[in-house]
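Values reported hereafter were calculated over all heavy atoms of this structure, with side chains retained and with hydrogens, waters and symmetry mates removed. Order of listing sets the numbers, starting from 1, for every ligand and every atom in it.
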Amino acid sequence: MGLLEKIDKNKLPLHIAIIMDGNGRWAKKRGFLRIFGHENGVKAVRESCEACAELGVKYLTLYAFSTENWNRPQDEINALMTLLVKTIKAETETLIKNNIRLKTIGDFEKLPKNCQNELNKLIKITENNTRTTLILALSYSSKWDIVNSVKKIAQLVKDGILEVEQINDETLSKELTTGPFPHPELLIRTSGEYRLSNFLLWELAYSEFYFTDTLWPDFNKNELYKAIINYQNRERRFGKTSEQL
Ligand code: FPP
């Protein structure tokens, strides 16, 4: 029995989030510059997205560029932004053909203008697509998003639109850039690192975590199937006991 057949289609996570890690090490191991790893990571992006669409996973969030990544050498930042624009352009037809909707989370305004323009174009073209939503975390950090949400809530209170007593979980969730999307049931991190690196701290409160030693450029559909099968064999209790479920 292949991995795909082992997946229970009735117990799929609605939303998978991935910390794509290990591009630099993958390139270094082969004696190449880090950007070569990022370039080879694009195939894994495509495979993950395709697998989610084929299976019926409705949301896929990819951590493509963190707020902290702005501290990398300028050459690498430029190369990553160029790669992003190139990939968006190259994948436009595929996203349309496969009925995939593109969205972003993070500090969109911080991205270079040409990058914003290309993203906006594709977001607009795909806005009515319904099969799977691909969410790119760009210039994203969870602490930034939470602080931003708190500021928006403070403004609503200041403007007399909201009472302090009305603030709850939902109020904060709604003002995050992740606000329109359900919270992920499954988080995957590649490359053998066991950290959240400022990713979806609020949204992952009850998610299942899956770590693999596979470096991101080697990640593929089978690797994603393995993570889903592992997730399906877990018991999600949300603070309750096994007997209460
Ligand atoms: C982490 O590896 C990866 C990134 C910071 C960037 C991910 C970008 C891509 C896969 C390319 C294009 C993306 C899209 C969505 C089109 P790392 O550089 O931190 O690797 P290391 O930990 O081995 O140094």
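Taking distance alone, with nitrogen or oxygen atoms compared against 3.5 Å, Glu76 stays at or beyond that limit from ligand 1. Inclusion of Gly24 in the set of residues having an N or O under 3.5 Å from an N or O of ligand 1 is warranted. The shortest N or O to N or O distance between Asp21 and ligand 1 is below 3.5 Å.
Classification of the Phe211-Tyr194 ring pair by plane angle, with boundaries at 30° and 60°, yields tilted.
Counting atoms of ligand 1 from 1 in the listed order, those under 4.0 Å from a heavy atom of Trp216 are 10 (C). Atoms of ligand 1 found under 4.0 Å from any heavy atom of Arg25 (numbered from 1 in listed order, with element): 21 (P), 22 (O), 23 (O).
Partner of Asn99 under the side-chain hydrogen bond (donor to acceptor under 3.5 Å, both in side chains) criterion, out of Asn128, Thr130, Thr132: Thr130 alone. Checked against Trp26 for a side-chain hydrogen bond (donor to acceptor under 3.5 Å, both in side chains), the options Asp21, Asp218, Thr190, Asn40 give a single hit: Asp218. The side-chain hydrogen bond (donor to acceptor under 3.5 Å, both in side chains) test with Thr133 is passed by exactly one of Lys103, Arg101, Lys58: Arg101.
In this structure, atom 1 (C) of ligand 1 lies nearest to the protein heavy atom Met20 O, 3.1 Å. Here the protein heavy atom with the shortest distance to atom 14 (C) of ligand 1 is Leu84 CD1, 4.0 Å. With respect to atom 6 (C) of ligand 1, the closest heavy atom belonging to the protein is Ala64 O, 3.3 Å. From the protein, the heavy atom lying nearest to atom 13 (C) of ligand 1 is Val45 CG2, 4.2 Å. For atom 19 (O) of ligand 1, the closest heavy atom belonging to the protein is Arg72 NH2, 2.9 Å. Here the protein heavy atom with the shortest distance to atom 5 (C) of ligand 1 is Asn69 OD1, 3.8 Å. Nearest protein neighbour of atom 24 (O) of ligand 1, counting heavy atoms only, is Arg34 NH1, 3.0 Å.
Hydrophobic cluster membership is shared by Leu204 and Tyr59, with clusters built from Ile, Leu, Val, Met, Phe, Trp and Tyr side chains linked at under 4.5 angstrom. Tyr140 and Ile188 fall into different hydrophobic clusters, where Ile, Leu, Val, Met, Phe, Trp and Tyr residues are linked whenever their side-chain heavy atoms come under 4.5 Å apart, directly or through other members. By the rule that hydrophobic residues join a cluster once side-chain heavy atoms approach within less than 4.5 Å of another member, Leu84 and Ile135 end up as members of separate clusters.
Of all the heavy atoms of Leu136, the ones lying under 4.0 Å from any atom of ligand 1 belong exclusively to the side chain. In Trp26, neither the side chain nor the backbone holds a heavy atom less than 4.0 Å from any atom of ligand 1.
Contact annotation: Leu83 has at least one heavy atom less than 4.0 Å from an atom of ligand 1.
The closest non-hydrogen atom to atom 16 (C) of ligand 1, taken over Asn23, Leu138, Ile88, Thr87, comes from Thr87.
For the 3.5 Å distance criterion, the side chains of Asp159 and Gln155 qualify, holding a donor opposite an acceptor. Using a 3.5 Å distance cut-off with no hydrogens or angles, the side chains of Ser207 and His183 do not pair a donor with an acceptor.
Judged by distance alone, the side chain of Tyr63 and the main-chain N or O of Ser197 form a donor-acceptor pair under 3.5 Å.
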